[in-house]
Amino acid sequence: DRKKIEALTADKTVEVSDCGTVFTANSSGGAIIVALPTPSAAGAGWWCKVVRINNSSNDVTINVNSAQVYGVEVSETCAEISGTSNIVLAGSNAGLQVEMVSDGTNWLALAHGVAAASIT
């Protein structure tokens, strides 16, 4: 049972066919935007994970296309994720990650950080 892995060093428009992919994002050359499909286009059960793999200060942003996101960010404390804002893996922390799952209408997110507010 292998997972698909795709290395990113630049912006990526994620396709429905990318379901099940783990994206490793190296933003040392500049900020990266990972644009997800809409939850309805992706369909219920569609998922991907984005993992930041560098310590530069350039952000990795997950663009949710103004769709509703529900979830939790776990780091030093837990913080609710609820709204239509993009998710940002911020600061200079390798290992920040977020798994995005579509229920067909909304995005469900589970984010793992290092320090409080490292994922917004």
Side-chain angles (χ1 to χ4, degrees):
D1 184 25
R2 295 179 184 259
K3 299 198 183 314
K4 298 183 282 185
I5 305 288
E6 183 175 337
L8 304 179
T9 57
D11 294 350
K12 165 76 176 178
T13 299
V14 179
E15 304 294 334
V16 173
S17 61
D18 289 322
C19 178
T21 301
V22 176
F23 296 100
T24 58
N26 183 339
S27 62
S28 59
I32 295 176
I33 297 172
V34 180
L36 299 180
T38 64
S40 59
W46 187 99
W47 71 276
C48 76
K49 182 182 277 191
V50 179
V51 180
R52 183 187 174 128
I53 62 166
N54 67 289
N55 288 320
S56 78
S57 61
N58 299 316
D59 292 342
V60 176
T61 300
I62 293 77
N63 180 336
V64 298
N65 289 307
S66 300
Q68 178 66 45
V69 179
Y70 297 103
V72 66
E73 181 266 324
V74 180
S75 56
E76 289 177 342
T77 60
C78 291
E80 177 184 19
I81 298 173
S82 180
T84 58
S85 298
N86 295 334
I87 295 173
V88 181
L89 308 179
S92 53
N93 298 301
L96 302 177
Q97 57 188 278
V98 62
E99 184 171 353
M100 303 296 294
V101 179
S102 170
D103 69 1
T105 304
N106 308 293
W107 285 115
L108 310 175
L110 177 57
H112 298 275
V114 175
S118 59
I119 298 175
T120 57

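With sequence neighbours left out, the side-chain hydrogen bond (donor to acceptor under 3.5 Å, both in side chains) criterion links T24 to no other residue. Take N106 and apply the side-chain hydrogen bond (donor to acceptor under 3.5 Å, both in side chains) test, not counting sequence neighbours, and it matches D103. The side-chain hydrogen bond (donor to acceptor under 3.5 Å, both in side chains) check on E6 picks up K12, with sequence neighbours excluded. When the side-chain hydrogen bond (donor to acceptor under 3.5 Å, both in side chains) test is applied to T38, the partners found at least two apart in sequence or on another chain are S40.
The shortest heavy-atom contact between W107 and P37 is CZ2-O, 3.0 Å. Heavy-atom minimum distance, D18 versus T13: OD2-O, 4.4 Å. Across all non-hydrogen atoms, the minimal contact from A109 to I81 is CB-CD1, 4.3 Å.
The hydrophobic cluster containing V74, built from Ile/Leu/Val/Met/Phe/Trp/Tyr side-chain heavy atoms closer than 4.5 Å, also comprises V72, L110.
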side-chain contact (heavy atoms from CB on, under 4.5 Å) for S102 and W47? Distances and angles first, verdict last.
CA-CA 6 Å; S102 170; W47 71 276; over 6 Å; no
CA sep, side-chain torsions, deciding dist, call: I32, R52, side-chain contact (heavy atoms from CB on, under 4.5 Å):
CA-CA 10 Å; I32 295 176; R52 183 187 174 128; over 6 Å; no
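Hydrophobic clustering keeps V98 apart from V88 (ILVMFWY residues linked when any side-chain heavy atoms are closer than 4.5 Å, directly or through intermediates). V51 and V34 are members of different hydrophobic clusters when ILVMFWY side chains are connected at heavy-atom separations under 4.5 Å. A chain of hydrophobic side-chain contacts below 4.5 Å, direct or via other Ile, Leu, Val, Met, Phe, Trp or Tyr residues, connects W46 to I62. Hydrophobic clustering (side-chain heavy atoms under 4.5 Å, transitive across Ile, Leu, Val, Met, Phe, Trp, Tyr) groups V16 together with M100.
Distance alone, capped at 3.5 Å, places no donor-acceptor pair between the N65 side chain and the A67 backbone.
None of T21, L96, L89, V14 except one satisfies the side-chain contact (heavy atoms from CB on, under 4.5 Å) rule with V50; the exception is L89.
Pairs engaging residues 80-94 under the side chain to side chain donor-acceptor pair (under 3.5 Å) rule: none recorded [sequence neighbours left out].
Atom CG of N26 is separated from atom CG of L8 by 9.5 Å, given to the nearest 0.5 angstrom. The line from CG of L36 to CD of E15 is 11.0 Å long, rounded to the nearest 0.5 Å.
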